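Lettering follows sequence order; numbering is per chain, from 1. It should be emphasised that the depicted structure is a prediction, and the values quoted were computed from it without experimental measurement.
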Amino acid sequence: MRLSQSFIPTMRQDPGEAEVTSHRLMLRAGMIRKVAAGIYSYLPLGLRVIRKIEAIVREEMNRAGAQELLLPILSPAELWKETGRWDFYGKELIRLHDRHERDFCLGPTHEEVVTDLCRREVSSYRQLPLTLYQIQTKFRDEIRPRFGLMRGREFIMKDAYSFDRDEASSQHNYQQMYDAYCRIFSRTGLRFRPVEADTGLIGGISSHEFMVLADTGEELIVFDPDSAYAANVERAEVVPPPTPASAPENVSPLEKVSTPNAKSVEDLCALLKVDANRVVKTLLYQTGENEITAVLIRGDHQANEIKIKRFLGLHDLTLASPETVERITNAPVGFVGPVGLSPVRLLADHAIGALSDFIVGGNETDVHLINVNSPRDFAVDDWGDFRQAQAGDLSPNSDSRLQTARGIEVGHVFMLGTKYSEKMGSTFLDAEGQSQPAIMGCYGIGVSRTAAAAVEQNHDEKGICWPMPIAPFQVQILPVTSSDAVRQAAEQLYHELGQENIEVLLDDRNERGGVKFNDADMIGTPYHIIIGDKSLANNTLEIKDRKTGEKVHISPDKVTAWIKEAVTRKLEIGA
RNA sequence: CGGGGCGUAGCGCAGACCGGUAGCGCACCGCGUUCGGGGCGCGGGGGUCGGAGGUUCAAAUCCUCUCGCCCCGACCA
């Protein structure tokens, strides 16, 4: 393609709207433009990247035995009401109605629609297993769309759904999809890691997320450097500490201390000159209209609300309002403690069980209690794993300590079990003539997000450095001086590379070299071929590797073969 | 939704406190010159100052309301 005739509006300056790297660079490279918050147009260059990712996804899904179809974006409320998600999905579901006032929504995911299809068409175990997928625009009215393509309200997703006759077959299918995902992200040239994950709104039995590792990622994961264990911190189980609390005869008597204005753990530690791990914070959650639940977490730990929600079987969990806290404890927020705190249900994280002579709030303004011990001073209703895993925690899989990393969730696989098939009556007759609900799985890949994640992971101060498999073009030719000889050499090379099916962008604009260099670096084509009078005089052309910056000078007649070999190699290794 | 910030030419910004008929850089158009890392000269086009209402002789500027966008927290591919 000729740059002079292409719609690739690059920008010289950073747009004010973008702060995150991928967002900024994709705007500057002329790949996307914003239409509204979280809604973007894919310009020709951006679309080429999307199509490349889609092609890899298609190949691997097909190879894994999945069949492509296309479900409607618009779906009727009735299906969503059957599973209860019309209400449960909340404000993220974009709802609309037709001229007859019938309710519809724009599909944020397609379990309902595909399960409806399956219950109509599948009636025998002989038709299973069945895995269907589509690549389609999805709509989720995100609370806060941000970071360009990273979290849009409209985005491109590959979603797949499996239907199996039994648990073993479903697990096999899940594993096949898991393996396909590993191949997909390897092939795109991204550094990624599958991690154990929470099931969230989709629900189901178990799931893994595929995280592209990047410091700007929104997700925090923990991993064991010495085993395969890795998990989203939301999900990561914390191994209960082995150290038992001191024997009752060895603990000190309970004591009240004055702690003026010590409303946070930091304040308290500074005031009493103790470490945060000697402090226990008491969090009050509103767990029902008139029900408060207290959760004890060690001062240096973070509460994990997902674990608490799961334990309590709740959909929503919010911290109690300051007014409520005051009403219950007769003290402002910051002085809550478990001693004498009633009549609320009291949950405690396992870490508390290993503590003795610890410090808690006194349920009185400017007062804390020290030398507190359980069960001497208060009774815990339920013990559990209620905190967020963190770096330094013991791995559940080895004796190693967990480490943390940031990641961008680009894929998510779920074992759904019969959650949807039972609610919607998607059943089949087994070999014994018994009616059984299909065992389901669902598998998503954020295609547009993968493009953004690739930029987060592959860029430098000059611009994007695309991995070859998803680069919009494989080679860019830069005639950097304007003589006829240079122009002719560029044209000839452009023609030759085209003959070899190399995807080549020729910068035939009447611009100075510097402009072309900078745009090429911004766009991030993996190889740049630089043609100028200087090099032609030596009978060489210069080839620059965008990512490494390495340059080679070779004679013009060898360039096409060299490029062809190099492109093929990079496609194979996913670099 | 809570907290913070911003809407002035395609992009990046100044002007606003102190009201007086809108400016700079880049981009764009023309001519010339230049040509291996965002050249230079001359000439030129382009703005309902996000929108509505108000105060005033006069509003980008002051007041009220509103819409949009970005960033930080609760959701998710």
Answer with yes or no whether the side chains of A/Tyr443 and A/Ser162 bring together a donor and an acceptor at under 3.5 Å.
yes
Which residue in the set A/Arg153, A/Lys34, A/Glu154 passes side-chain contact (heavy atoms from CB on, under 4.5 Å) when paired with A/Tyr40?
A/Lys34
OP1, OP2 of B/C26 versus side-chain N and O of A/Arg12: anything below 4.0 Å?
no
Could you tell me whether A/Phe139 contacts a base, only the sugar-phosphate backbone, or nothing, with contacts defined as non-hydrogen atoms closer than 4.0 Å?
nothing
B/G23 and B/U48, which share atom name P, separated by this distance in whole Å:
14 Å
Between A/Phe155 and B/A77, do the rings stack, that is, sit under 5.5 Å apart with planes less than 30° off each other?
yes
Any N/O donor-acceptor pair, A/Glu542 side-chain to B/G36 base, under 3.5 Å
yes
Suppose we call a contact any N or O donor and acceptor under 3.5 Å apart; does that hold for the side chain of A/Glu219 and the base of B/C76?
yes
Is the phosphate of B/G39, meaning OP1 or OP2, less than 4.0 Å from a side-chain N or O of A/Arg512?
yes
Any idea how A/His208 and A/Tyr178 line up, ring-wise: parallel (<30°), tilted (30 to 60°), or perpendicular (>60°)?
perpendicular
Give a yes/no on whether any side-chain N or O of A/Arg144 is located under 4.0 angstrom from OP1 or OP2 of B/A74.
no
Base of B/G37 paired with side chain of A/Asp521 (donor-acceptor, under 3.5 Å)
yes
